[in-house]
Number of protein chains: 2
Amino acid sequence: MKFTPDDFAKELKSKNIRLSHQRLKVLEYLSEHKCHPTVDQIYTNLLKEIPTLSKTTVYSTLGALADAGMVKAINIEDNEIRYDITVEDHGHFKCESCGAIYDFPADMAHLESEVLSGFKIRDKNVYFKGTCPMCLANKN
Amino acid sequence: MKFTPDDFAKELKSKNIRLSHQRLKVLEYLSEHKCHPTVDQIYTNLLKEIPTLSKTTVYSTLGALADAGMVKAINIEDNEIRYDITVEDHGHFKCESCGAIYDFPADMAHLESEVLSGFKIRDKNVYFKGTCPMCLANKN
DNA sequence: ATACAAAGTTGTAATGATTACAATATAATA
DNA sequence: TATTATATTGTAATCATTACAACTTTGTAT
């Protein structure tokens with residue numbers, strides 16, 4: 001709940017992205033659902049508010065927002081893209097039992113090896129997988 | 001060329017994975033091509049040696065080898081799985097210009113946050129994207 | 001306010017990687 | 001060598017994502 005629609009509108013304008021109802025709603029959804037939703041989850045939920053919404057729009061909107069650096073695509077699974085409105089560097093942990101994705105602080109700067117000197121780094125991702133404490137407890 | 005077919009055979013046996021010509025060839029291919037090939041690349045190239053090879057076999061073989069920890073799946077792109085025979089922790093950098101994937105040392109232990117205490121971590125991935133030195137040079 | 005051009009949205013159809021499945025073949029074991 | 005479990009194969013299905021053309025909306029200048 002950090003942002004109001006007005007904040008989003010200003011940020012879109014500052015990045016030269018046109019304002020549209022759909023884009024605002026996608027941003028609003030992501031800011032209210034920081035559980036790293038899939039494209040389909042975003043689409044299905046917004047459909048209740050925007051009955052004419054097309055999934056193509058959701059894809060293109062998320063692509064445009066990601067290009068502008070306003071959201072971040074998460075490819076922790078190979079069969080679906082998820083999106084995160086938190087663009088500051090952090091790691092993602094996916095519980096293979098319940099499917100939940102957890103954020104954790106990750107010192108990305110520390111990862112930069114001298115092997116990458118001369119490389120232009122545009123995007124950094126840290127993905128861990130395993131079992132979360134809740135699922136570990138349920139097994140016993 | 002670190003491994004001979006015999007080495008692979010022993011490792012498969014020790015992990016209770018049945019020996020097959022296809023599995024040995026997939027392992028051999030990965031050990032000779034450390035460029036992180038896609039499933040399709042592995043399939044297409046092995047087809048020359050094994051004309052009856054099925055892509056389903058390549059998928060199931062890679063899945064079994066990955067489950068056994070003998071190879072590692074790389075999901076740096078959302079539209080294709082790549083495989084790496086180097087299973088020791090390291091980071092991957094994908095050049096968005098030429099598509100090449102580079103390895104780099106990554107201190108994964110340093111990434112473990114206290115936020116993840118109580119989590120069972122089974123798999124760690126570090127994916128960077130950007131432009132490699134060669135492509136940066138070619139732009140000028 | 002109105003009109004225009006550029007860009008966004010929509011719906012449908014195509015793409016392409018991955019998986020499901022049933023028949024056949026092979027590997028491990030007795 | 002026979003038996004049984006498992007692997008391989010080929011085809012068809014699945015499903016996320018993209019391509020595309022028609023229509024709508026936005027931003028801007030008149």
Side-chain angles (χ1 to χ4, degrees), chain A residues 5-6 8-27 29 36-68 70-71 73-83 99, chain B residues 5-6 8-27 29 36-68 70-71 73-83 99:
Chain A
D6 253 23
F8 289 133
K10 278 178 200 157
E11 194 169 355
L12 287 170
K13 189 157 222 171
S14 80
K15 307 228 171 184
N16 279 314
I17 299 180
R18 277 204 182 166
L19 201 60
S20 77
H21 185 219
Q22 291 84 342
R23 285 174 179 174
L24 284 178
K25 283 295 180 186
V26 168
L27 283 169
Y29 185 84
H36 320 89
T38 63
V39 175
D40 193 66
Q41 285 170 340
I42 298 168
Y43 167 71
T44 302
N45 284 286
L46 288 182
L47 201 55
K48 299 167 192 165
E49 293 183 70
I50 315 171
T52 61
L53 185 64
S54 163
K55 196 179 273 192
T56 302
T57 300
V58 180
Y59 274 102
S60 87
T61 294
L62 290 166
L65 296 175
D67 286 346
M70 290 180 68
V71 303
I74 300 173
N75 289 324
I76 198 167
E77 283 301 325
D78 58 300
N79 64 333
E80 63 191 9
I81 308 181
R82 292 170 174 274
Y83 282 91
Chain B
D6 253 24
F8 289 133
K10 278 178 200 157
E11 196 169 354
L12 287 170
K13 188 157 225 172
S14 81
K15 307 228 171 179
N16 280 317
I17 300 179
R18 276 205 182 167
L19 198 61
S20 78
H21 184 219
Q22 290 85 342
R23 285 172 179 177
L24 284 178
K25 282 297 182 185
V26 167
L27 282 168
Y29 184 86
H36 319 90
T38 63
V39 175
D40 193 65
Q41 285 169 341
I42 298 167
Y43 166 71
T44 302
N45 283 284
L46 287 182
L47 201 56
K48 298 168 192 165
E49 293 183 71
I50 316 172
T52 61
L53 185 65
S54 162
K55 197 178 272 192
T56 302
T57 300
V58 179
Y59 274 102
S60 86
T61 293
L62 289 166
L65 297 175
D67 286 347
M70 290 181 67
V71 304
I74 301 174
N75 289 324
I76 197 165
E77 283 301 325
D78 58 298
N79 64 332
E80 64 191 7
I81 308 180
R82 291 171 176 273
Y83 282 92

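Residue numbers begin at 1 in each chain, while the letters A, B, ... track the order of the sequences.
- Each of B:Leu53 and A:Leu19 was assigned the nucleotide of DNA chain D with the nearest heavy atom; the assignment lying further toward the 5' end belongs to B:Leu53.
- The distance between atom CG of B:Asn16 and atom C1' of C:dA27, rounded to the nearest whole Å, is 14 Å.
- Here B:Thr57 lies in heavy-atom contact (under 4.0 Å) with a base.
- Under 3.5 Å, the side chain of B:Thr56 and the base of D:dG10 form at least one donor-acceptor pair of N or O atoms.
- Comparing B:Arg18 and B:Pro51 by the nucleotide of DNA chain D that holds the closest heavy atom to each, the one mapping nearer the 5' end is B:Arg18.
- Atom-to-atom, NZ of B:Lys55 to C1' of D:dA7 comes out at 19 Å; the value is rounded to the nearest Å.
- Contact annotation: B:Ser20 does not reach the phosphate of D:dT6 (side-chain N/O to OP1 or OP2, under 4.0 Å).
- Rounded to whole angstrom, the span from the CG atom of B:Leu62 across to the C1' atom of C:dT18 amounts to 12 Å.
- Residue B:Leu12 contributes atom CG, which lies 16 Å from atom P of D:dT6 at whole-angstrom precision.
- Among the heavy atoms of the strands lying under 4.0 Å from B:Thr52 are primed sugar atoms or P, OP1, OP2 only; no base atom is included.
- Atom OH of A:Tyr29 and atom CD1 of A:Ile42 lie 7.0 Å apart (nearest 0.5 Å).
- Summarising the geometry, the separation between CG on A:Leu65 and P on C:dT9 is reported as 10 Å, rounded to the nearest angstrom.
- Atom NZ of B:Lys15 is separated from atom P of D:dT6 by 19 Å (rounded to the nearest Å).
- Looking only at side-chain heavy atoms (C-beta outward), A:Leu24 and A:Val26 stay at 4.5 Å or farther from each other.
- Rounded to a whole Å, the CD atom of A:Gln41 is 11 Å from the P atom of D:dA16.
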Derivation of the side-chain contact (heavy atoms from CB on, under 4.5 Å) call for A:Lys55 and A:Asp40: CA-CA 8 Å; A:Lys55 196 179 273 192; A:Asp40 193 66; 2.5 Å; yes

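- Judged purely by atom type and a 3.5 angstrom limit, B:Arg82 has no side-chain atom pairing as donor or acceptor with the backbone of B:Ile74.
- The side chain of A:Ser54 sits closest to C:dG11 out of D:dT17, D:dT8, C:dG11.
- Between A:Leu12 and A:Leu19 the shortest side-chain heavy-atom distance falls below 4.5 Å.
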Derivation of the side-chain contact (heavy atoms from CB on, under 4.5 Å) call for B:Leu46 and B:Glu49: CA-CA 5 Å; B:Leu46 287 182; B:Glu49 293 183 71; 3.9 Å; yes

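- The nucleotide whose nearest atom lies closest to any side-chain atom of A:Ile81 is, among D:dT17, C:dT18, C:dT9, D:dT17.
- Remark: side-chain polar atoms of A:Thr61 are not paired, donor with acceptor, to backbone N or O of A:Val58 under 3.5 angstrom.
- A residue-by-residue look at B:Tyr59 and A:Thr61 shows that A:Thr61 has its nearest nucleotide of DNA chain C further toward the 5' end.
- Each end of the helix from C:dA1-D:dT30 to C:dA30-D:dT1 gets its own axis from five base pairs, and the two axes differ in direction by 30°, given to 10 degrees.
- A:Gln22 places its CD atom 4 Å from the P atom of C:dT10, with the value rounded to the nearest Å.
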